[in-house]
Amino acid sequence: MKKTNLQEYIEYSEERFTKRIVFKEGESTVFVLNFKPQQSLPAHKHPGTNVYLLVVEGAGTFKIDGKEVKAS
């Protein structure tokens with residue numbers, strides 16, 4: 001077992017959101033997406049995969065199955 005502090009993966013860029021991989025094993029990946037205000041991730045899909053979202057800090061809006069979901 002590895003102990004990790006998510007604060008180590010928080011890193012912002014003025015140009016675009018950042019992605020920092022925390023853990024990867026087989027087909028499982030845990031990563032942190034860091035967004036500054038007004039930054040976004042292009043719409044995309046994850047067919048056949050379960051995706052879990054955890055908002056660590058701040059607030060935003062996700063579009064899931066065509067519906068907007070607010071997170072804070």
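It should be emphasised that the depicted structure is a prediction, and the values quoted were computed from it without experimental measurement.
Residues meeting the ring-ring contact (aromatic ring centres under 6.0 Å, His included) test with Phe17, sequence neighbours left out: Phe35.
At least one side-chain heavy atom of Val22 sits less than 4.5 Å from a side-chain heavy atom of Val32. Using a 4.5 Å heavy-atom threshold, the side chains of Leu33 and Leu41 count as touching.
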With a cut-off of 3.5 Å and sequence neighbours excluded, list every side-chain donor-acceptor pair involving residues 2-14.
residue: Asn5; atom: OD1; partner: Gln7; partner atom: N; Å: 2.8
residue: Glu11; atom: OE1; partner: Arg20; partner atom: NE; Å: 3.2
residue: Glu11; atom: OE2; partner: Arg20; partner atom: NH2; Å: 3.2
residue: Ser13; atom: OG; partner: Glu15; partner atom: N; Å: 3.2
residue: Ser13; atom: OG; partner: Glu15; partner atom: OE1; Å: 2.9
residue: Glu14; atom: OE2; partner: Lys36; partner atom: NZ; Å: 3.4

Throw together a table of side-chain donor-acceptor distances under 3.5 angstrom for residues 50-72, partners on residues two or more places apart or in other chains.
none

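In this structure, Pro42 and His44 approach most closely via the heavy-atom pair O-ND1, 2.8 Å.
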